[in-house]
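Have a look at the structure below, then the notes.
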There are 2 protein chains.
Amino acid sequence: MRIGELARLAGVSARALRHYEDRGLLVPGRTGGGYREYADTDVARVAQITAMISAGLNTATVGRYLGCARTGEHGTSLELCPGLSAELVAIGERLEARLAELRDQQARLRELASAD
Amino acid sequence: MRIGELARLAGVSARALRHYEDRGLLVPGRTGGGYREYADTDVARVAQITAMISAGLNTATVGRYLGCARTGEHGTSLELCPGLSAELVAIGERLEARLAELRDQQARLRELASAD
DNA sequence: GTAAGGGTTCACGTCGGCGAGAAGGTCAAG
DNA sequence: CTTGACCTTCTCGCCGACGTGAACCCTTAC
């Protein structure tokens, strides 16, 4: 299939798909006319990519661990992916820190708003 | 006083003070040699600026409402600042939305990490 | 053959407070 | 006079997943 159809099926923009290719996450074939040619399995691959990105992994990290993270019903073992577990923990910590920052900011905002 | 001293007293970088001036939040005088000349009251002004910024206001908004937000013990009425109250509410809402996003992200991250 | 609706590759914009380096001027002290 | 601390303006960089034209090529239907 071509990029538009995959975009529809996967629920992302064509621009995003080109971006993933740019980052090496998706490597479609090419037709004679230069069009990108995607396989059916790429729908699942994109789902995996978006799942990881929405969890806070950047494209470089996604690239390193693409294929060994559980994304659906058939759980792939994390053991197959040395380092992923630690990476997830690190991301979780940064996320927690960011949440704490925002909560502090929220407190300061309330402080400002509590004028007479 | 000059920029270095104000930076120390206010606990910000000299770069930040130049940035505030760039945004029109701080307008120091100039010495014959071209040095910025700050008044003693600017220490409090900077405190007010950083308080508002740390609460999530951007420099443009700080500029609009600088001087009428409560920052210390002597509460200035919000009534003197038409619009500030609404602005704070809007910022609070965006902040809450961002917090919700991050909590969702945290959930998705846990989802990823819960592989077998 | 031609119009329509894809597709392609750049390449800059976003969001913004401030870090950081370059190149050079000002000034008090030894 | 000279060092050296501190100051000046200028300008790019950051953090990154995309949005958004611009200018042009491919394919298919009619």
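Lettering follows sequence order; numbering is per chain, from 1.
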OP1 or OP2 of [N] sitting under 4.0 Å from any side-chain N/O of [X]?
X: H19(A); N: dC18(D); result: no
X: Y20(A); N: dA17(D); result: no
X: R36(B); N: dC7(D); result: no
X: Y35(B); N: dG25(C); result: no
X: R30(B); N: dT9(D); result: yes

Could you state the [atom1]-[atom2] distance from [X] to [N], rounded to the nearest angstrom?
X: L95(A); N: dC15(D); atom1: CG; atom2: P; answer: 19 Å
X: M1(B); N: dC7(D); atom1: CE; atom2: P; answer: 12 Å
X: L57(A); N: dA17(D); atom1: CG; atom2: C1'; answer: 14 Å
X: E21(B); N: dC18(C); atom1: CD; atom2: P; answer: 14 Å
X: I3(A); N: dC26(D); atom1: CD1; atom2: P; answer: 17 Å
X: I91(B); N: dG16(C); atom1: CD1; atom2: C1'; answer: 14 Å
X: R8(B); N: dC6(D); atom1: CZ; atom2: P; answer: 7 Å
X: D22(A); N: dT8(C); atom1: CG; atom2: P; answer: 13 Å

> DNA chain C: T59(B) or E5(A), which has the more 5' nearest nucleotide?
Replying inline: E5(A)

> Which part of the nucleic acid, if any, lies within reach of T31(A) when heavy atoms closer than 4.0 Å are counted: base, sugar-phosphate only, or nothing?
Replying inline: nothing

>> Within the 4.0 Å heavy-atom criterion, would you say R23(A) contacts the bases, only the backbone, or no part of the nucleic acid?
In response: nothing

>> Hydrophobic clustering (ILVMFWY, side-chain heavy atoms < 4.5 Å, transitive) - are Y35(B) and L6(B) grouped together?
In response: no

> Hey, does the side chain of R45(B) reach the backbone of L25(B) with a donor-acceptor pair shorter than 3.5 angstrom?
Replying inline: yes

> Looking at the side chain of R18(B), which of dG16(D), dC18(D), dT9(D) is the nearest nucleotide?
Replying inline: dT9(D)

>> I want to verify a distance call: between dT8(C), dG19(D), dC7(D), whose nearest atom is closest to the S13(A) side chain?
In response: dG19(D)

> Any N or O donor-acceptor pair linking the side chain of R15(A) to the base of dG19(D) at under 3.5 Å?
Replying inline: yes

> Between I3(B) and A14(B), which heavy-atom pair has the shortest distance, and what is it?
Replying inline: CD1-O, 3.5 Å

> Between R2(A) and A14(B), which has a closest nucleotide on DNA chain D that is more 5'?
Replying inline: A14(B)

> Got a salt bridge between R30(A) and E21(A), using NZ or NE/NH1/NH2 to carboxylate O under 4.0 Å?
Replying inline: yes

>> For Y20(B) and V62(B): C-alpha separation, side-chain torsions, deciding distance, then whether side-chain contact (heavy atoms from CB on, under 4.5 Å) applies.
In response: CA-CA 10 Å; Y20(B) 296 153; V62(B) 170; over 6 Å; no

